Structure formats: structure tokens, C-alpha cells
Amino acid sequence: MPRRKNDNKNNNQHQRRDPFHKEELKQKGLSEKFARLRGMKDVIFDENKYWDLVIKKASDLAEVYGFKKIQTPILESLELYKKSTGESSDIVSKEMYSFVDKNGEKVAMRPEITPSLVRAYVENGMLNMPHPVKMFSYGPIFRHEKPQAGRYRQAHQLDWEIFGEASPVADFLLMLIAYNLFSELQIDVELQVNNIGCKVCRGEYIKKLTAYYKERGNRSRLCNDCKRRLDKNPLRLLDCKEPGCGALKEDAPPIVDFLCEDCKKKFTRVLEYLDGMNIPYNLNLSLVRGLDYYTGTVFEIWAKEENEKNAAGQLSLGGGGRYDNLVEFFGGRPTPACGMGIGIERAVAKIKTGGIPLENREKNSVFIAQLGDAARKKAIGLFEELRKSGFIVKQAFTRDSLKDQLEEANNLGAKLTLILGQKEMNDKTIMMRDMESGNQEIVDYKKVKSEIEKRINTI
Ligand SMILES: [Zn+2]
Ligand SMILES: [Zn+2]
């Protein structure tokens, strides 16, 4: 659930790349009415290598820490989000893709993953499973936001949730996973951590906070959104990036002064664990996150070099927190829980600028080229045989010319090319070409596998 904050800086840049840009579409010959929807994105070919890397690392970490994979529908009842994410949140009040379906049912495309997982936990009787129940999921979320650089209306998130664990070690575990994930992706991050209190202590704080903002001279300085939020969700005022509201925030009563003993103790424990593992964090007392269900610990993951920009309203890489009342609210037995979401697009954008080397499977690949129909048939057989033996094989069986095939082998970055022509067929041999040096050798066809292995293992 990365928080999306107001940022208008990159608007112009985005407008230029707006798929609705008529001129651009005309040049490409695509009718405007078929164009990609605004704020949506195609992830094409090689960019998926970055996506795969992020998803692979996240899945591996999920497994290591005992999270089990779960998939839930993208379409859910609208009520689910109204009652969990909250009607006063920006997500529900402004950004939902919701509609009435053919049976007259009000449905919504999920704007975040957590509510579905809480629903699934209760609905699938996981209350009776051994606890904690830890789950991992990833997939698209939909928010009808103003299209801006780095924000998409269909975005993708990685999501971890822990049910049935009240200990702050669980909160810390999520932060540890986030930190490990970004470290392994070679992205420097700093966690932003806060505690927004529980049922017991938050009520008193909200009263004090509301009174502060209602003081004469203060209320009039608030932006219109905050004036509206003041009665519904005053915590959100601490999060507002409007300059007037930001200035007022400086003198607002800090929540730490109001935390009950239990909240204070847990908050301290979380910070001790972070210190113990040398995980960089910042105690961010104005971090509240925009959703209704959070209690206690909340956190976000910010890229390090972007901290200053972040404070001015950049996107975070992800975030999460504790929601101890939500399971009970959905009809389950009281169950403490916490969770975290990380945005895949943002992580991918970061890795691309960081220049992390991607694993290149092609460097050990073997290309099979053929000349003539009889050789082609034999080459197809050889291809399948090598593939089944675990070699990384490539081909261009639709091509006839050897020159074209060698060019293709080069483009694919193959290590070796095997060439099978009429002469080799007659002699029961095959030509082996080292693509880097250009050296060619004739080898006995029967020994082709061991000859490849010799050359590939020497890398
Ligand atoms: Zn408390
Ligand atoms: Zn405001």
C-alpha cells in the first residue's frame, strides 16, 4: 500500500507522453479510440526482466520468512473497501474503480490488497489454523488518480500480511523483509516509522488534535481538503502536503505524548529491533498513512536519496502497519494483525536507474542453425533433445540463410552456434562456432552434448 502523495511537478512531462496525444497516435496509425487508457501502461519485453527480478526476490523472501502464497479476486464488493480502507480515505472517496454489475451489485476493482486478504482470512476459516497465519500476494490494484510520472491507474503491489501476532516482532519482521528486499535490489532505503496509537489512547489524542486545528486562526489556514477531513479523519491533517497545513503541523501536539503504556512499549521494542539490525530509519511523527484501519505501528519505505523530495511529497516505495481491529470488524474473532505493501512499478523504476546487473541466461545459450530441409528436420530434433537435457537453446528454424541465422544468434547473445548442413549430415558431424572468437570446429555428432558442456563450463 504505498502512499501516493500530491505531486504536480512532473505533470508536463507526463502530458507529452500521454497516450492520448493525438499527433503521436496518428503517426503510429492507431485510432485514438483504440488507444491505451490514460494512466495505464504496457510492460514490454525486456522491461519484464526487472519485474521478474523484483517478484522473484519478493517471493523468495516471503518463503524464507514463512509466508504462504494466496491469490484473491480483483473484483470485490464495494462495501469491503468502504468499511475497511474507509469512506473518508482518498482512495475510497475519490479514486475507486467501482460500478454496478449486471445483477445490480455494487462492486469495485481492488484499490489495495489488504482488505481482500482480511476477508479471505475470515471467509476461509483461517481463524482455526495454527497461528500466526502469514500470507504473501501480488498483483494489480486500481486507482483512478490524476496521471503523473511514476503513478499508474493500474499499479502492481507485493503484499505481506501476518495474522494472529500481537508482538512488535511481527511489525519488525515486515520492515526487515522490506529492507532486505531493497538491499538485494541494490536500492538504498530509509524506513519512516511512527505509532498512531490504539483504541485506548488514540481517542484522547484525536480530541486534542482536533481542538488544536479548530483553534482560532488555525482552521482558516487549512486547505479545503483538510477542512473537510477535520471532523471525519483529523489524523490525515498531519499528512497533508499543502504549505499552509504543513506549517500548522509543526506546532500540532505530537502523538508520542499521548501513547498508552502498551503502545509506548511496543513502539520502543520495534525501534530496538531496527537498531539491533542496523536498519536505517527515521522517527517520523507526522507519518499517519491515509487508511482508516491502521492502529499502532505505521511505516513507509523511502529511497534514501529521495528523502528530501519525499518530505516535499514524493512517492514512497511502500508501506504498511498494524491493523489490530480489522479482523473483528469483519466478523472474525479479535485477531491482531499487520501487513505491508510494496509498489512494483516504483521498485522497477529505482532498479533501472540504479543499473543493477540482470542475470543473463543467454550468455550460456546454444544456437542451432541449419542449411537445407533435411538438416532442418534433424536440427529441430536436436533442439528438443538439448532443451530436455537442460541446455539453454535458441533457434531460427523459419530462416533459410546461414547469414541470417548467425545474425540472429549474435543478437540473442548466444555463446555457441551449432551448424548443420548437408556435408555435416553426410559425415555425421556438426560444426561448432564460438560466437565470440568466431573459431569453428567440426565435432562428431554423437559427442555433441559433451562437446557443448566442455565449452560452456569453461565460462
Ligand atoms: Zn495505545
Ligand atoms: Zn491540507
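For the numbers below, each heavy atom of this structure counts, side chains included, while hydrogens, waters and symmetry mates do not. First listed ligand is number 1; within each ligand, the first listed atom is number 1. Remember, it's a predicted structure, so these values are computed and weren't measured experimentally. Along the sequence shown, the residues carry numbers beginning at 1.
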Examine Phe330 together with Tyr121 and report whether their ring centres are nearer than 6.0 Å.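 No, ring centres 6.0 Å or more apart.
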Ring center gap for His144 and Phe99 short of 6.0 angstrom: no
Relative to each other, are the rings of Tyr323 and Phe163 parallel, tilted or perpendicular (30° and 60° limits)? perpendicular
Are Asp90 and Arg236 close enough for a salt bridge, meaning some N to O gap below 4.0 Å? yes
What does the angle at the Zn ion (ligand 1) come to, between atom SG of Cys201 and atom SG of Cys263, rounded to 10°? 110°
Which value, rounded to 10°, describes the SG(Cys260)-the Zn ion (ligand 1)-SG(Cys198) angle?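 Vertex the Zn ion (ligand 1), arms to SG of Cys260 and SG of Cys198: 110°.
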Report, rounded to 10°, the angle at the Zn ion (ligand 2) between the two atoms SG (Cys223) and SG (Cys226). 110°
